[in-house]
Amino acid sequence: MSNDLTGRKIAILAADGVEKIELERPRDELTKAGAQVELLSLKDGEIEARNHDLEPAGTIPVDRAVSGASVGDYDGLILPGGTVNPDKLRLDDSAVAFVRDFVDSGKTVAAICHGPWTLVEAGVVAGRNLTSYPSIRTDLRNAGARVADEEVVVDGNLITSRSPKDLDAFCSAILRQLTQAAAGSSL
């Protein structure tokens, strides 16, 4: 199956403290497949990235504030991790509503590492099969999710992975699901 995502638009939602590789690797893979990728955040300007959660890793330019974004503008959503990033997103009503609406739309939503924290806040994990970084699995279970310790878990439109070590499987699952969705919509 070709991973041609030409004409598809994907949002990455992140804030200060994002794990750099968890943002850049999916963005690069999607761009190589022809997708247009936009970085949404809580504010315009730039966000501060991290390596290994603690080491400063420069800044990344933001394309648009999430408060001005619409689910209808995008074909998929990526939620990278880093502990600080999803904690900031969970406190922002616009970010939480965007994530909830995206999951409810049936479009692909992919979260890695600590990214599923935002899914918990959005109230969309009950009864779903997910994985995450080990330290937030209790939060997922308490919110009603069924948690597995696997490199990637796909449950309907939700794709989750545990950590940067799983980026190969995570990116492959994202490309596969978005390509299938694109093929389905062009029939």
Side-chain angles (χ1 to χ4, degrees), residues 1 3 5 8 10-15 17-19 21-23 25-27 29-30 35 40 50 52-53 66 71 74-185:
M1 173 188 321
N3 283 334
L5 295 175
R8 300 297 167 181
I10 312 302
I12 297 177
L13 177 58
V18 66
E19 187 70 26
I21 194 167
E22 294 174 8
L23 186 154
R25 177 78 185 283
R27 181 184 64 192
E29 296 284 335
L30 288 162
L40 307 179
R50 295 284 181 267
H52 312 291
D53 214 29
V66 69
V71 171
Y74 302 96
D75 300 293
L77 173 64
I78 312 295
L79 299 169
T83 58
V84 173
N85 163 49
D87 201 48
K88 288 182 179 283
L89 293 176
R90 292 181 341 150
L91 295 173
D92 185 88
D93 292 341
S94 294
V96 172
F98 185 78
V99 170
R100 181 183 310 110
D101 292 347
F102 222 103
V103 173
D104 290 346
S105 77
K107 296 177 184 179
T108 299
V109 177
I112 188 167
C113 204
H114 288 78
W117 254 346
T118 311
L119 298 173
V120 169
E121 193 67 31
V124 297
V125 302
R128 303 297 294 264
N129 298 307
L130 304 172
T131 194
S132 69
Y133 195 74
S135 66
I136 70 164
R137 290 181 188 159
T138 298
D139 296 337
L140 292 172
R141 284 186 196 97
N142 288 342
R146 292 181 297 271
V147 180
D149 184 9
E150 298 173 17
E151 66 181 357
V152 67
V153 174
V154 179
D155 183 340
N157 64 323
L158 288 180
I159 300 169
T160 52
S161 281
R162 300 172 297 195
S163 74
K165 291 182 214 172
D166 300 326
L167 276 166
D168 288 343
F170 183 66
C171 291
S172 292
I174 293 167
L175 290 171
R176 186 171 42 256
Q177 189 156 342
L178 288 170
T179 301
Q180 288 171 350
S185 68

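Predicted model, so just to flag it, every value in this text is computed and none were measured. Along the sequence shown, the residues carry numbers beginning at 1.
The CG atom of Asp155 sits 4.5 Å away from the CZ atom of Arg128 when rounded to the nearest 0.5 Å. Interatomic distance, Ile78 CD1 to Leu178 CG, rounded to the nearest 0.5 Å: 6.5 Å. Taking CG of Leu40 as the start and CD1 of Ile12 as the end, the distance is 9.0 Å to the nearest 0.5 Å. For the atom pair CG of Leu77 and CG of Leu13, the computed distance is 6.0 Å after rounding to the nearest 0.5 Å. We find the CZ-OG1 distance between Arg146 and Thr131 to be 13.5 Å, quoted to the nearest 0.5 Å. In this structure, the separation between CG on Asp92 and CD on Glu121 is 10.5 Å, given to the nearest 0.5 Å.
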### Task
Decide yes or no on salt bridge (Lys or Arg N to Asp or Glu O under 4.0 Å) for Asp168 and Arg25, but give the supporting numbers first.
CA-CA 9 Å; Asp168 288 343; Arg25 177 78 185 283; 2.5 Å; yes
### Task
Show your reasoning for whether side-chain contact (heavy atoms from CB on, under 4.5 Å) applies to Ile174 and Leu30.
CA-CA 9 Å; Ile174 293 167; Leu30 288 162; 4.1 Å; yes
### Query
Please walk me through it: do Ile112 and Leu167 pass side-chain contact (heavy atoms from CB on, under 4.5 Å)?
CA-CA 8 Å; Ile112 188 167; Leu167 276 166; 3.7 Å; yes
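Taking each heavy atom of Pro86 and Gly82 in turn, the nearest pair found is CD-O, 2.6 Å. For the pair Thr118 and Val99, the tightest heavy-atom approach, listed with the atom from each and the gap, is CG2-CG2, 3.8 Å. When all heavy atoms of Val120 and Asp139 are compared, the pair lying nearest together is CG2-O, 4.3 Å. Residue Val152 comes nearest to Ile159 through the heavy atom pair CG2-CG2, 3.7 Å, listed as atom of the first residue, atom of the second, then distance. The minimum heavy-atom distance linking Leu140 with Pro116 is given by the pair CD2-CB, 3.9 Å. Heavy atoms only, all atoms of each residue included: Tyr133 and Ser163 are closest at CD1-CB, 4.3 Å.
By the 4.5 Å heavy-atom criterion applied to side chains, Gln177 and Asn157 are counted as neighbours. Inter-residue side-chain proximity for Thr160 and Ser132 is flagged as unmet; no heavy-atom pair is nearer than 4.5 Å. By the 4.5 Å heavy-atom criterion applied to side chains, Glu151 and Ser161 are not counted as neighbours. The shortest distance between side-chain heavy atoms of His114 and Asn85 does not fall below 4.5 Å. The shortest distance between side-chain heavy atoms of Leu175 and Glu29 falls below 4.5 Å. Pro80 is not listed as a side-chain neighbour of Glu19, based on a closest heavy-atom distance of 4.5 Å or more. At least one side-chain heavy atom of Arg137 sits under 4.5 Å from a side-chain heavy atom of Arg162. In this structure, Thr83 and Arg50 have side chains that are not in contact, with every pair of non-hydrogen atoms separated by 4.5 Å or more.
Classified by interplanar angle (parallel below 30°, tilted 30° to 60°, perpendicular above 60°), the ring pair Tyr74/Phe98 is perpendicular.
The backbone N or O of Ala169 lies less than 3.5 Å from no partner atom in the side chain of Ser172, so there is not a single donor-acceptor pair. Between the side chain of Arg8 and the backbone N or O of Ala35, no donor-acceptor pair lies under 3.5 Å.
Between Lys107 and Asp101, no side-chain nitrogen of the basic residue sits less than 4.0 Å from a carboxylate oxygen of the acidic one, so the salt-bridge criterion is not met. Ion pairing of Asp87 with Arg90 is present here, as a side-chain N (NZ or NE/NH1/NH2) and a carboxylate O approach within less than 4.0 Å.
No more than 12 heavy atoms of other residues, nucleotides or ligands lie within 6.0 Å of CG in Asp93, so this atom counts as exposed by the packing criterion.
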